[in-house]
2 protein chains.
Amino acid sequence: MNNNYELYKVFYWAAKTGSLTQAASALYLTQPSVSHAIKQLENSFGLTLFYRNSKGVALTQEGEVLYSYIEKSQILISLAEKQMAALKNLDSGELRIGGSDSLFKHYMLPYLETYHQQYPAVGLHLNHGTTPEIIALLKEGNIDLGVVRMPISDPQLEVRESIQLQDCFVAGSRYSELKGMVLTLDMLLQYPVILFSRNSRARMAITELFQSYGLNLKPEIEVGSVDLLIELARKGLGISYVTREFVAKELEEGTLFEIQLDVPIPPAHVGIMIMRNMPLSATASKFLELIR
Amino acid sequence: MNNNYELYKVFYWAAKTGSLTQAASALYLTQPSVSHAIKQLENSFGLTLFYRNSKGVALTQEGEVLYSYIEKSQILISLAEKQMAALKNLDSGELRIGGSDSLFKHYMLPYLETYHQQYPAVGLHLNHGTTPEIIALLKEGNIDLGVVRMPISDPQLEVRESIQLQDCFVAGSRYSELKGMVLTLDMLLQYPVILFSRNSRARMAITELFQSYGLNLKPEIEVGSVDLLIELARKGLGISYVTREFVAKELEEGTLFEIQLDVPIPPAHVGIMIMRNMPLSATASKFLELIR
DNA sequence: TGTTATTCATAGATTTGATCTATAGCTCCT
DNA sequence: AGGAGCTATAGATCAAATCTATGAATAACA
């Protein structure tokens, strides 16, 4: 027995409506087609599934048994189809994003809000971790896309460059004597510096910059959150190295001011990573559209 | 979305084996066929169901969702197919027989025993009732076949004549003076007669016979079971009207003897009734084969 | 009690679309 | 670099699903 499963669909409708004619119209077929399909099923089993009479058809004992299975099966299929349609319309599904550092809070948040407002039924899963962790999650298929600082060069990944970020040193009123001054890196090192934790991309970048001038940047304080970085600078515990865009509010208020340096700090770019040659989930591709 | 359900079978195997090639061989198809089928499904949903790589395929998020439904659905179908095969082989199912009078015990029993021995998994349902009750059960589809005394003439029924039964009057030793004598119906009426209950076919038949000779047969005792009919005759409470084949043992032992009459009692036939133009269940048709 | 309408079954023609073969492209492994 | 696995694509083929037309049986109705 190796039936075409299409026959079960016909059987289901014939049994459900009690009429081959009605089943035919439900399936957009002609009645002889349905008649033939039922006969095929019956022959394949060597059993009679319906009693036929001039009012329609009725299940036999054996037909009832078959129906008890097929009904459930067909209902599952129709649920599956509804679910697929929901996934397609983003009335369902989930979007899994990996983000390193504080990009979530300071860069992604508005997009996430818009997205969630537009597709409230899509579950948002935010995984935060270091850049290598995010890459690993992506490769294992645990997230749909990653948002990290460039540069990333991995042949398996496709990276789309997003906005540009400018890191800078900021201080609070405790160091207001530096306002307006242009410092050398050397001079900066006279002050207590507050940096983000060792494994962050930003930290590595600035350390390298100092090294390229033969200087060794050693933080007085080391923290694991951008919020703390800002807070400590405001309290005057030192000069924090932060992303300018993330302290826009404080700079405007004047609770923090940017330290001018005599050398430029190269800008950083945010990159959106997805797996190369892998299809995007419907949720993720809609999100990328939104970002662009 | 109006998919050919056959595609789900292909999807199921592709997901289950993680390989289009293996799915193809499981389904006795070629790999391009499977590839094409999956693509059709994906297009119909507007979603990607599989990640393809050189090792095979893996379900996407959306594919996983679909699989969670389709797997159950396919398992139900394969159970259904197994069940149908079982019904066909009589490894399952039920046989529902309606019988009037005592035909079950005295006529059907050996067949039922053989049938049950041969197909122990088939459930036997025996419904006993009067002839009209049996006919009603048959027409309502509550039994597969009925076993009653002929004649039956109902255009909806197909009646197969089975063995012939000869009714007769029997008595026990209390009336041994009648042994060897040939009685007229008139003479018989001098003795107390024991008959089966009013609504039985046998009772009607013998009453009519007497009436055709202008005689009125009125029983001294009326009982509802053939066993009682026999037992009462043996105890000498009267002359019982019974089916000769059902008292074969007693006649041979000599505990009962048959009363000779000067007029013949027309033989009765057992009829096997089934619904005309209705398919027989597998269980019932096997049983009819056995009886013939 | 004809008559009509509705049911399912059957026969044969048609055409769709599933399946095949052949081949290309890709990735991993030796 | 070459081979062996995998999937994708293109185009041809052909089986089988579907259709139209019709028949036969039954129920409903006038």
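Everything numeric in this text was worked out from a predicted model, so none of it was measured. A, B, ... follow the sequence lines: proteins, then strands. Residue 1 opens every chain.
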Item to check | Among D:dT9, C:dT19, D:dT7, the nucleotide that comes nearest once only the side chain of B:Thr21 is considered | outcome: D:dT7

Checklist entry - The side chain of A:Leu29 lies closest to which of these nucleotides: C:dC8, D:dC19, C:dT10? => result D:dC19

Checklist entry - Are the side chains of B:Leu124 and B:His116 in touch, meaning some heavy atoms are under 4.5 Å apart? => result yes

Checklist entry - Salt bridge or not for A:Glu42 and A:Lys39, using N-O below 4.0 Å? => result no

Checklist entry - Can A:Ser281 and A:Thr283 be counted as having a side-chain donor-acceptor contact under 3.5 angstrom? => result yes

Checklist entry - Looking at the side chain of A:Pro32, which of D:dA21, D:dT7, D:dA17 is the nearest nucleotide? => result D:dA21

Checklist outcome for this item: To the nearest angstrom, the NZ-P distance between A:Lys39 and C:dA9 comes to 6 Å

Next on the checklist: If I take atom CG in residue A:Asn43 and atom C1' in nucleotide D:dA16, what distance separates them, rounded to the nearest angstrom?
Outcome noted: 15 Å

Item to check | Short side-chain N/O contact to C:dC8 OP1/OP2 from A:Ser35, under 4.0 Å | outcome: no

Next on the checklist: Is the phosphate of C:dG17 approached by B:Gln40 (side-chain N or O, under 4.0 Å from OP1 or OP2)?
Outcome noted: no

Checklist entry - Given atom NE2 of B:His36 and atom P of D:dC6, what is their separation to the nearest angstrom? => result 21 Å

Next on the checklist: I want to check one thing: is the phosphate of C:dC20, taken as OP1 and OP2, less than 4.0 Å away from some side-chain N or O of B:Ser33?
Outcome noted: yes

Item to check | Between C1' of D:dC6 and OH of B:Tyr51, the distance in whole Å | outcome: 19 Å

Checklist entry - Heavy atoms under 4.0 Å, any strand shown: does A:Thr30 hit a base, just sugar-phosphate, or nothing? => result base

Next on the checklist: Please determine whether a side-chain nitrogen or oxygen atom of B:Ser54 lies at a distance below 4.0 Å from atom OP1 or OP2 of D:dG5.
Outcome noted: no

Checklist entry - Tell me: CG of B:Asn53 to C1' of D:dG5, nearest whole Å? => result 11 Å

Checklist entry - Within the structure, does a side-chain N or O atom of A:Lys55 lie under 4.0 Å from either OP1 or OP2 of C:dC8? => result no

Checklist entry - Do the side-chain N or O atoms of B:Arg52 get closer than 4.0 angstrom to the phosphate oxygens (OP1, OP2) of D:dA8? => result yes

Next on the checklist: With a 3.5 Å cut-off and heavy atoms only, can you find an N or O donor on one side and an acceptor on the other between the side chain of A:Glu6 and the base of D:dA17?
Outcome noted: no

Checklist entry - Can B:Phe287 and B:Met108 be said to form a side-chain contact (heavy atoms from CB on, under 4.5 Å), step by step? => result CA-CA 11 Å; B:Phe287 185 73; B:Met108 306 276 288; 3.8 Å; yes

Item to check | Atom-pair distance (CD on B:Gln31; C1' on C:dA22), nearest Å | outcome: 12 Å

Checklist outcome for this item: The single option from A:Phe45, A:Phe50, A:Tyr5 that satisfies ring pair (Phe, Tyr, Trp, His ring centres under 6.0 Å) with A:Phe11 is A:Phe50

Checklist entry - Taking atom P of D:dA8 as reference, at what distance in whole Å does atom CG of B:Leu49 sit? => result 12 Å

Checklist entry - Over how many whole Å does the gap from B:Leu41 atom CG to C:dA18 atom P extend? => result 11 Å

